[in-house]
Protein chains: 2
Amino acid sequence: MAVTGEERPGGGHRIVKPPSMVELAAASVRRMILGGTLLPGDRVIENRLTEELGISRPPLREALRMLEHEGLIRQSPHRGAVVTPLTLHDVYEIVTFRRELERMAVTLGIPVVEESRLDRCWEAVRRMEQAADRRDEAALSETNFDFHLAVVGLAGHQRLETAYRSLQLQMQLCMAFNRNARAQRRESAGANVLRHRRLLRVIENGDPDEVLAELEQHGDRTFLDDLPDTLDPGSAQAQRWLEAERAR
Amino acid sequence: MAVTGEERPGGGHRIVKPPSMVELAAASVRRMILGGTLLPGDRVIENRLTEELGISRPPLREALRMLEHEGLIRQSPHRGAVVTPLTLHDVYEIVTFRRELERMAVTLGIPVVEESRLDRCWEAVRRMEQAADRRDEAALSETNFDFHLAVVGLAGHQRLETAYRSLQLQMQLCMAFNRNARAQRRESAGANVLRHRRLLRVIENGDPDEVLAELEQHGDRTFLDDLPDTLDPGSAQAQRWLEAERAR
DNA sequence: CGTCTCTCTATTGTCGACAATAGTCCGCCC
DNA sequence: GGGCGGACTATTGTCGACAATAGAGAGACG
C-alpha cells in the first residue's frame, strides 16, 4: 500500500494543496490500524512501513509521533512503536472521557449561536445519507465520524474538538479490535442515518439536556456488552465501572 | 543554549536512561517558550534552533511536532512554526477546558481509592515547600505544575492526565505572555504552599464537592482580571465569557 | 506613480547513509 | 542439563545534503 493523495475525496477542506508526506503517511498508517491490518499489540516497524509506503524514515517518524498523540500507537525509546494494546482500563478511559467531552460540548454549544456550525452538521448528515445509499461501509463510518465531530464543533472550541477527535479515533480502534469477535452493526444504515437526523433536530431545538438524553441513547451500550471476556482488565477500577455500566 | 540532560533534577521518573535528542530538544524549546525567550507569534525557525541546540533537523522536527500537540506552537505547511499566538478566545478555551478536566478528575478520583496516588500529591507538596524555602521561583512553578498534575492523577485516568498536562502548559504560556504586563504573583510563596496543603487535606476528606469548591477559589480569577486589553478578542463568544467570568 | 511579474533567497520538506542500541541466539562453563 | 556471557542482527536514533516551496525584493510595464 503506497501513499496516495485521495484522502477524503468527497468533502475535505483542503483545496488544491499537495499534502505533505507526513500527513499522507499518517493517514495511511491510521487506515491500517483502524482497518484492522495492524492489530493492537502489533509492532510497528519503521523500515517495513517506509518500504510499503515508499517514503523515507524521517517523515514517517513524524507521522508516528502524530499517531502516538492520537493515541493509536505507543512508542518506547529504542524499542519502537506498538499499536496501542487495549486493556479494559483503556476502554474505560476512552468511553468515559469521550462522553465527558460530548457533555462539555453540548453544554457550551447548545443552543447554537452560529448558523454555519449547524450547516456543517447537516452537511455531514447529507454525506452520510449518500454513503448509506451507496452501501459504502467505509464512507458511512467516515461520515459518521465527521458528524459527531461537527456536533462537538458546535461548541466553537478548537481544543475540545481536537481532543474529541483523538478519542473518537481510539474508539474506532476499539471497534476494529472487536470486529473479529462479533457482528459489527445490527442496525441498518438507514436507521442509523435517521437516528442522526433526529439528534440534529433535537439540537436545533436548543435544549442541552434533551440533547444529552438523546446522546445517552445514541451510544456505546451495545458496544460495551460485546466486549470480549479475554480482554485484559488492566485495573479493578475499570472492572467496577464496566459492571456498573452494564447494570444500567 | 545547548541541550542538557538535567531536566527535572529533583524528581523525574527516569532512572539512568540517556534521553533522546527529541525529548531534550522538546524540553529546551518548551523552556524557551514558557520562559518568555520566545513569545507568542514569534516564528520558530528550524535552522536557528538546530544551531543553538547543536542537533540536526529531523529530531528537532519531531520535537516540534510534540510541542504542536502540546499546543505551544502551530505549524502550517511550508510556512513553518509559530509560537501559538494567543487571542482571548484561546484563553477562553484553555481556562474552560482545564477547569472541566479538573472537574472530571475530581468526580472520578475522589474519594481516593489508591493510597499511592495520594503519596504522589504529598511528595509534590513536599518538593514545593523545599522550593519555597530556597526561594527558587522556577522550581516553585515546576512543582506547582507537578502538584496539580498529581491531583488530576488521582482519577487514575491516563488520557485525562495527558490532556490536562497539555492544558496546564498552555496556561503557563498565557502567564508567560502576561509576565511583561503585570506583577506576577501577589501572594507569598509560603501562602501558596499553605493553600495547596489545605486543598490536599480537603481531598483526603473525600468529598468531591468540597474539593471542587476549594479549586474554585484556587484559581485563575486574578489572572483573568489582569488580561491586557490589547489582547485580540478572537471571538464574541470569548468576550461574552470573560465578561460573565469577571462579574462573578 | 502604482502594479505586476520575475528572479532570488530564506526556509521547509525529503532523502539515503551512518551510529548506537536492544534483543536474540549460540557456544561455553559450571 | 541449565544458566551465563558474548557476538550478531534487527531496529531505532541521528546526521548532513539535496529538492522544493513561499515570500520578498527589484525591475519593467502600464
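Residue numbers begin at 1 in each chain, while the letters A, B, ... track the order of the sequences. What's counted below: heavy atoms across the whole structure, side chains too, no hydrogens, waters or symmetry copies.
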Which nucleotides of nucleotides 6-11 of chain D have their base under 4.0 Å from a protein heavy atom (B), which only their sugar-phosphate (S), and which neither (-), written as one string 5' to 3'?
-> -----S
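Between dA22(C), dA17(C), dC15(C), one nucleotide has an atom nearer to the side chain of His78(A) than all others, and that is dA22(C). With dG16(D), dG13(D), dT14(C) as the candidates, the nucleotide lying closest to the side chain of Ser56(B) is dG16(D).
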Where each pair must be Watson-Crick or G-U wobble with both distances under 3.5 Å, what dot-bracket representation of DNA chain C is obtained, with crossing pairs in [ ] and other-strand partners as |?
-> ||||||||||||||||||||||||||||||
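With rounding to whole Å, Arg74(A) atom CZ is found 18 Å from dT12(D) atom P. One interatomic measurement links the two molecules: CD1 of Ile55(A) to C1' of dG16(C), which rounds to 14 Å at whole-angstrom precision. Taking atom CG of residue Leu53(B) and atom P of nucleotide dG16(D), one finds them 14 Å apart after rounding to whole Å. The CZ atom of Arg57(A) sits 14 Å away from the P atom of dC18(C) (whole-angstrom rounding). Atom P of nucleotide dC15(C) and atom CG of Leu24(A) are separated by 11 Å, given to the nearest angstrom. The nearest whole Å value for the distance from the CE atom in Met21(A) to the C1' atom in dT12(C) is 14 Å.
Here Asp136(B) pairs with Arg134(B) under the salt bridge (charged side-chain N to carboxylate O under 4.0 Å, His left out) rule; sequence neighbours left out. For Thr96(B), the side-chain hydrogen bond (donor to acceptor under 3.5 Å, both in side chains) partners two or more places apart in sequence, or in a different chain, are His157(A). Not a single side-chain hydrogen bond (donor to acceptor under 3.5 Å, both in side chains) links Gln172(B) to another residue, sequence neighbours left out. Considering only residues two or more places apart in sequence or on other chains, Arg65(B) meets the side-chain hydrogen bond (donor to acceptor under 3.5 Å, both in side chains) condition with Glu62(A). Here Arg99(A) pairs with Asp220(A), Glu245(A) under the salt bridge (charged side-chain N to carboxylate O under 4.0 Å, His left out) rule; sequence neighbours left out. The salt bridge (charged side-chain N to carboxylate O under 4.0 Å, His left out) test applied to Arg240(A) returns no partner, not counting sequence neighbours. Residues meeting the side-chain hydrogen bond (donor to acceptor under 3.5 Å, both in side chains) test with Glu93(B), sequence neighbours left out: Arg159(A), His89(B). Arg117(A) meets the salt bridge (charged side-chain N to carboxylate O under 4.0 Å, His left out) test with Glu114(A); sequence neighbours excluded.
With Thr50(B) contributing its side chain and Arg57(B) its backbone, the two residues share no donor-acceptor pair below 3.5 Å.
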Give me, pair by pair, the N or O atoms of the protein and of nucleotides 5-9 of chain C that are less than 3.5 Å apart, along with how far apart they are.
none

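Less than 4.0 Å separates DNA chain D from at least one heavy atom of each of the following residues of residues 58-69 of chain B: Pro58(B), Pro59(B).
Residue Ala132(B) comes nearest to Leu140(B) through the heavy atom pair N-CD1, 3.9 Å, listed as atom of the first residue, atom of the second, then distance.
Residue-environment remark: CZ (Arg126(A)) exceeds the threshold of 12 foreign heavy atoms within 6.0 Å.
Side-chain contact between His196(B) and Asn144(B): present, with at least one pair of heavy atoms (C-beta onward) separated by less than 4.5 Å.
Note: Leu67(B) CG to Met32(B) CE = 10.5 Å, rounded to the nearest 0.5 Å.
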